[in-house]
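Everything on this sheet refers to the single structure shown next.
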Amino acid sequence: MSVIADQESSALSRLGVDFDALYNQNVPLMIGVAVDRFGVSESDAQTLAHQVFLAFFLKFNEIRDVRAWFLGAICNACRHYLRLRARDVELPREVLEKADPEFARITDSLPDTLAGREAFGCLTSRCQLALRLHYIDGYSIPEIAAQLHITPAYAKKLVSRCLRQARERYGKDRK
Amino acid sequence: MNTGLETREQLFAVMEQIAEEREAARPIVRELAARTRSIEDIEIPEVWRTAGMVLELADRSFSQLEVDPLESLRFSQLAIVLASNSRYPQPVAAYMNAYSWKQVGYAQRYLDAYNESLMAFSKADSIFSTEPAVCHESAGVLFARACVLFLAQMDDEALRITKESRELLGGVGDVRRQVQCDVLIAMIEYRRGCFDSARERFEQAIEKLEGFNDSHTIGTIYNSLGRCYQALGKISDARAALHRARDIFTSLNMPSEVHRADWGLANILLEAGDPHKALSILKPIREDYLRRNMPEDAGEVGLCMVDGLIATGDVEGARHLIKAVLAEFINAKLNLLAIVAIAYLRELDKARDRSDSTAENQTAAAPGENDDKAAPLISSLLSMSRGDRVALVNADWRNPSIVRSLIALIVQKNFLEPKHAADLAALAVEIVESIDPERFPSDGVMKLRADAWHELGWALYYIGSFRESLKALSAAEDRLTSCEAAEIDLARVALIRACVYGETGRFEEGLVLSDSVADFANRVGNCALLNKALIMKGFVLITARRHVEALPIFTDLAKDIRDPHVHASALHNAGVCCRELLQLDQAKALLIKASEEYEGLGLSTPLAKTRWALGSVLVQEQRYREALDLFRQAREEFEGHGMAQDVALTSIDTSEVLLMLNRPAEVVKLCQSAMRYFAAADLAYTESAMTALAYLKEAAASRTLRQSQLKRVRDYLEVLPKQPELLFAYAPDPN
């Protein structure tokens, strides 16, 4: 039974690809490969296969040999998954009783994070990009200039102008 | 794993959501594309922050690469902003983010901004590789990186990454992109001159791609194959391949690739001796590349046009065009290509010199003009890593024009940045020795080899590598004697040899050489060469401590003010002679005058030497604090220019003064700093110099340092560059 068979007008069906059929042909195969060849547990194998299927959906136009692609992709995904799992260390039982250290100062940090996100969101696209490159991705001013195809002097001005814009607009929104 | 994708229903719900978002995003993106104003300063509504919008923007960016790379960049950058604000289960979030960066990488590549493109691809790669379901996308990004490295002329790295990417693509069964890897390997082979093997690989790639309906790659192969056939002399095959490429790209509506095919056809016309027709094809291509912000392609087409203009006799037109191309390359930081443009300009200047020997004023102005334009370029060239510089040799750079341009740069840099001048001279030697002499006029290459070795000899002498300098000078003499060289070239090499002999204690040989050059200069009436020979003679006399004989030579030379460099040098040396003869007032006056002249000429290292000499005079007058300041300035200058021996000797002189002032703690710091400098310099005698300095440091730390010890170390360091294997012997402990 197809999940979207009844939804004639769904956006997915309008893409002109029978994803249901592709799912039925390839996802069980991928789960089998993950479990049998790589020893991944069945539930994790299913999630991995779904993730690969979603990745396929995001670029299905570019893929020619679908079966080969699914097989290659699930093998790579399993290898990557096992590499990550190999680094896991079992935690002691009593850890369950303790709070997650990540949230230890959540009451202090969360308002700042939210404020930062809001301030970012009310900027123009160019300002968001400039501040993101500088403060999140760690680009220097000359690197921002090169990435945006502007002069370093202008890039410097842009970053400070955008910071000012963030302060003004965020302050205005709060009022 | 808890990802929100555990069940089939969850998976299809996410897919449906994204498909809906894409439908909603399409008209918005179309509207943005139709805007007459830039999309950079738009306010972003909350409803845009969807995966569908990001994917549509990135796709729009990809579709505009050919038509308008700058617009393509703006769309991909907007996609990045939106991708970073969206919340979706993995791998969607990672995919959106990395996919946007990948499009930025493509757009920057089309804009010839290779560094920025590589940075964007690295970012995409790092995001893709964090998620299991999309980690295989790294292979595609790796291939895209290899393409950019190829365009940036970094063939070795491009080849390595292409092979790695090919293997990874095999892992996901992507045969089509594996063939694309083969095509890139063939392009590298073509560039390295392996035309037959490249042709074979291109032809095989076309066969392999038959079932794939990949017209773009097939068109690219035909374009490259056309050039390959042309290089192999198969002109009709070349023409057919280029026409095939043209047809394919026309049907794909890819104008810049159509231009590339036309450019190849114009090259064939140029070779066939039809420059007028070639120019009529090339002109609109260049204009279109410029309009679309593609300076590298525009400039390269421009240089082809220069060949056409010269063939039609329009030399002035060619000159104007090269200047325009040079400015474009410099603005776009395309340094290597800018050097090619300078080489063209110099060739043209030389041709004009030959054809119009009466227009002296005009030709005198031209090199200065070129040098001004070369200035920003030189600093870029000097900031390149050695690997990048050596990549020049791997690229299609084996021609005399490049070497001549490099030599011109070395001459400029000799006194300003001697260490860099030595590096550049080594590069010039590397390139010129790889040029096949039979491809160029009879003695041209041998003479050029001699020039490159000559420059290397001088640069090595200047930074204190005397033994290596003598080897380079011998190589220069060998090349000169194997061609019909002018005697003046041999005389110039002999002068540097005299200098090195002076420094290495072979005074008599140095004096004989400088006298013989002076005789030759007198015979042919060459005043400039005569002055240089006299300076060398005086210099050898100074190093032999025969100051009484040296002083009148420099005093006479200082009367001639025609050449400001010679004049400043004569004043400096006369000052040094006076200092040694204890005529301290006279010495100070001469050295101050010399330092003013060097400052005016902007020659920083001779200026540092003059300050050092003046500092020594002040020490003799017991004006220690002023001397310390001059020594510090000189030492910093030497450090900045990689002049290791001078750093060591100024450090000793400074230590001596510090000891006089009873400040031994500072001697310790000074020795430590000098040792760090030597460790970084990694010279043949680094270890020995460090041992000697460590000895001083220990003595100063234990407050047992004496003037005699300083003198011993100073003498040792003076000899060390001449005898790098000489070991430092500790003095017996007086206690």
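Below, chains carry the letters A, B, ... as their sequence lines are ordered, and counting in each starts from 1. Computed from heavy atoms alone, side chains included, the values below leave out hydrogens, waters and symmetry copies.
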Evaluate whether atom NZ of Lys59(A) has more than 12 neighbouring non-hydrogen atoms of other residues, nucleotides or ligands under 6.0 angstrom away.
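Yes, NZ of Lys59(A) has more than 12 neighbouring heavy atoms, counting only those of other groups under 6.0 Å.
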Is it true that atom CZ of Phe38(A) has more than 12 heavy atoms of other residues, nucleotides or ligands lying nearer than 6.0 Å?
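Enclosed: over 12 neighbouring heavy atoms sit under 6.0 Å from CZ of Phe38(A).
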Checking heavy atoms, do the side chain of Ser117(B), its backbone, both or neither come under 4.5 Å from chain A?
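Contact with chain A is absent: no heavy atom of Ser117(B) under 4.5 Å.
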Can you tell which part of Gln10(B) gets under 4.5 Å to a heavy atom of chain A, answering side chain, backbone, both or neither?
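For Gln10(B), no heavy atom lies under 4.5 Å from chain A.
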Side chains of [X] and [Y], donor plus acceptor under 3.5 Å:
X: His149(A); Y: Gln108(B); answer: yes
X: Tyr99(B); Y: Asp59(B); answer: yes
X: Ser61(B); Y: Ser72(B); answer: yes

Sidechain N-carboxylate O distance under 4.0 Å for [X], [Y]:
X: Asp182(B); Y: Lys208(B); answer: yes
X: Arg49(B); Y: Glu46(B); answer: yes
X: Asp65(A); Y: Arg176(B); answer: no
X: Asp214(B); Y: Arg177(B); answer: no

Less than 4.5 Å to any heavy atom of chain B: does that hold for the side chain of [X], its backbone, both, or neither?
X: Phe70(A); answer: neither
X: Leu148(A); answer: both
X: Leu71(A); answer: neither
X: Tyr139(A); answer: side chain

Interface residue of largest heavy-atom contact number with chain B, from [options], under 4.5 Å:
options: Glu143(A), His50(A), Gln46(A); result: His50(A)
options: Arg67(A), Arg79(A), His80(A); result: His80(A)
options: Ala55(A), Ala73(A), Cys78(A); result: Ala73(A)

Flag the one option from [options] with the top tally of heavy-atom pairs under 4.5 Å to chain A.
options: Asn115(B), Leu70(B), Thr130(B); value: Thr130(B)
options: Val14(B), Leu111(B), Val104(B); value: Leu111(B)
options: Arg74(B), Met119(B), Glu20(B); value: Met119(B)
options: Glu43(B), Glu23(B), Gln17(B), Met15(B); value: Met15(B)

Between atom CH2 of Trp101(B) and atom CD of Gln77(B), what is the distance when rounded to the nearest 0.5 Å?
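Taking CH2 in Trp101(B) and CD in Gln77(B), the distance rounds to 8.0 Å.
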Does the Asp125(B) side chain pair with the main chain of Phe121(B), one donor and one acceptor, at a distance under 3.5 Å?
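No.
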Could you tell me which residues in residues 24-35 of chain A have at least one non-hydrogen atom under 4.5 Å from a non-hydrogen atom of chain B, sorted by residue number?
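So far as heavy atoms go, Asn24(A) are the residues that approach chain B to under 4.5 Å.
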Validation row, ring centre Phe19(A) to ring centre Phe12(B) under 6.0 Å:
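Ring centroids of Phe19(A) and Phe12(B) are no less than 6.0 Å from each other.
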